[in-house]
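Step one of this worksheet: look at the structure below.
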Amino acid sequence: MTKETNENFSQEDVQLSKEELNKRRAEITAYYKDHIKDLKVQKEYEELLRDIEKTRAERVQAQMYLAQIMAGPETGSPEEINNARNEAVKQAAEDWNAEQNIAPPKRTLKRAD
């Protein structure tokens, strides 16, 4: 601001601005205080979801590890090894789905008119 601009404002204008600023500051503070409770609940919810997903990933990883151990040493062609791994992963996923009571998606036939 230039010196001329400062001279155009009276003391009342400056006081009014300070009062408005304090009022606005109080409104903003109240708004944030009101929402802190909700945000804490949301944070707890998100943390629980994260922990659940982490636990599920660890369980699937452990099942895959056990399936690889049960499969024994990898002998044979690379194609046979890859097929065995795919089968172990598929079995681990089916076991996990059964444990979670998740039914496989139903297949439907496409109808030709």
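Qualifying side chain to side chain donor-acceptor pair (under 3.5 Å) partners for Q61, counting only residues two or more places apart in sequence or in other chains: none.
Grouped with Y45 in one hydrophobic cluster are L49, the linkage being side-chain heavy-atom contacts under 4.5 Å among Ile, Leu, Val, Met, Phe, Trp and Tyr residues. Hydrophobic clustering, defined by side-chain heavy atoms of Ile, Leu, Val, Met, Phe, Trp and Tyr closer than 4.5 Å, leaves L48 isolated from every other such residue.
Under a hydrophobic-cluster definition in which Ile, Leu, Val, Met, Phe, Trp and Tyr are linked whenever side-chain heavy atoms come within less than 4.5 Å, directly or via other members, Y31 and I28 are assigned to the same cluster.
I52 places a side-chain heavy atom less than 4.5 Å from the side chain of R56. Taking the side chain as every heavy atom from C-beta outward, E19 and K23 never approach each other to under 4.5 Å.
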Quiz item: Could you walk me through whether E47 and K43 pass the salt bridge (Lys or Arg N to Asp or Glu O under 4.0 Å) check?
Solution: CA-CA 6 Å; E47 288 173 349; K43 178 183 179 238; 3.3 Å; yes

Practice problem: Step by step, work out the side-chain contact (heavy atoms from CB on, under 4.5 Å) result for R25 and L21. | Solution: CA-CA 6 Å; R25 186 175 292 143; L21 181 64; 3.8 Å; yes

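Taking CG of D34 as the start and CG of L39 as the end, the distance is 11.0 Å to the nearest 0.5 Å. Atom CZ in R59 sits 7.5 Å away from atom OG1 in T55 (nearest 0.5 Å). A distance of 10.5 Å separates CD in E53 from CG in D51, rounded to the nearest 0.5 Å.
Remark: E44 CD is loosely packed, at most 12 non-hydrogen atoms of other residues, nucleotides or ligands lying under 6.0 Å away. No more than 12 heavy atoms of other residues, nucleotides or ligands lie within 6.0 Å of CD in E79, so this atom counts as exposed by the packing criterion.
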